[in-house]
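Notes to accompany the following structure.
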Amino acid sequence: MAGAVRRKIAFPRYAEYHCAFRYIAEQALGVQYILPPPLTRHTMELGAKYSPEFVCTPFKTCLGSMIEALEAGADTLFMTHGLCRLGYYGELLEQILRDLGYQFDFINLSDYDMSKKKDLIKVVRRFNPKVNPARFLTQFMEGARMVEYLDEITAEYYRNCGFDASGGDYKRAYQNFLNDMYTAQNRADVENGYRRARSAMQAVPLDKPERPLRVGIAGEFYTVMDAFSNLELEQKLADMRVEVHRWMNVTNQFMHYKSHRNMRVKIMDLCQYEMGPTAAANIWWAKRCAERNFDGIVHIKSASCTPEIDVMPVLQTISRDYKIPVLYLTYDAQTSDVGLQTRLEAFYDMIDMRKKVL
């Protein structure tokens, strides 16, 4: 791209997946990635200020993060597609931002059929007309591997961090892993960072009972994975010495989904129709947690999320049939950290006493 101006692209801040977004953008596409600032209350308030009143909370978070990305120097925004209202969000987000006076290029993946090779090439060429297809494919797969590592290490972290007997080494190992992923420049950096994280975590002594309290986390795709959006729910539970399990992540939902083709078959006794993008997965996961004798399930959704509202009655059936407590949490722009902590402590006391009695 000698002599050309590199695009400065950004995507709304989402969990820790930006390490892979950055890697794919800069290594595979040859553009500059603008990392949006960490999500804060100001981000949420900024998005809520310009959003339709009854739109779901993730929309407001995305809008606020896009504004912050543009203020940080991004000249190109891109938005993913989705099976719920998320599929329409791109057009609405773009229009709101243009009405606010921002000048930018907008790449909306909902305008393309990403399962078709010709549409995929069109999208890649929009980011960088001079990109090398072979180089892109190789380094895109390296970015995808980073996502798999991120989900694997994150899952292991929340299963074990509450039992760290060292005073903080487990958390430091996880933070070092994230730093390695955010600064990786090639495949060797990715692989070495992953191996260091596994070795460091395995070296930390754990004070873990033979049968710890185990809680399964299910819920709406965005809120269940983004720690800011769910007010650090998983960390709060882990700090109570709970083993936290969450199936819903990018790897399981998109990259390994073919291995779960029989998911709906396994829940036919509970649900015979498709109710939304992650409904079947959440029902399947809740049933699996119940069958594996978990001590409780926490269901997370954003306000106004219709698919997850439909899931709740099915979870009530699972709770009744398997005698497993379910805590339902709904998040909006006004959800308080103190209120969440109180509900989690009450839930913990209940499942802890129940485990001792049983």
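Note that the structure is predicted; figures quoted are calculated from it, not measured.
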Between the side chains of Lys60 and Glu45, is the shortest nitrogen-to-carboxylate-oxygen separation below 4.0 Å, so that they form an ion pair?
no
Can you tell if the side chain of Arg159 reaches within under 4.5 Å of the side chain of Glu234, non-hydrogen atoms only?
no
Check for me whether the distance between the ring centres of Tyr33 and His18 falls short of 6.0 Å.
yes
Between Val215 and Val244, is there a side-chain heavy-atom distance shorter than 4.5 Å?
no
Quick one, Leu329 and His299 - any side-chain contact, counting heavy atoms below 4.5 Å?
no
Charged N to carboxylate O below 4.0 Å: is that the case for Arg7 and Asp75?
no
Apply side-chain hydrogen bond (donor to acceptor under 3.5 Å, both in side chains) to Glu148 and list each qualifying residue two or more places apart in sequence or on a separate chain.
Arg145, His256
According to a hydrophobic-cluster definition based on side-chain heavy atoms being under 4.5 Å apart (Ile, Leu, Val, Met, Phe, Trp, Tyr only), do Trp284 and Ile309 belong together?
no
Would you confirm whether the ring centroid of Phe221 sits within less than 6.0 angstrom of the ring centroid of Phe254?
yes
Do the charged groups of Glu68 and Arg13 touch, with an N to O distance under 4.0 Å?
no
Flag side-chain contact, heavy atom, 4.5 Å: Cys62 against Tyr89:
no
Decide if the gap between the ring center of Tyr222 and the ring center of Tyr14 is smaller than 6.0 angstrom.
yes
With a 6.0 Å cut-off on ring centres, are Phe127 and Phe78 close enough?
yes
Tell me whether Glu291 at atom CD has more than 12 heavy atoms from other residues, nucleotides or ligands lying less than 6.0 Å away.
yes
Is the shortest distance from a Lys or Arg side-chain nitrogen in Glu232 or Lys236 to a carboxylate oxygen in the other one below 4.0 Å?
no
Salt bridge check: are Asp113 and Lys118 linked by an N-O gap of less than 4.0 Å?
no
Phe140 CZ: over 12 foreign heavy atoms closer than 6.0 Å
no
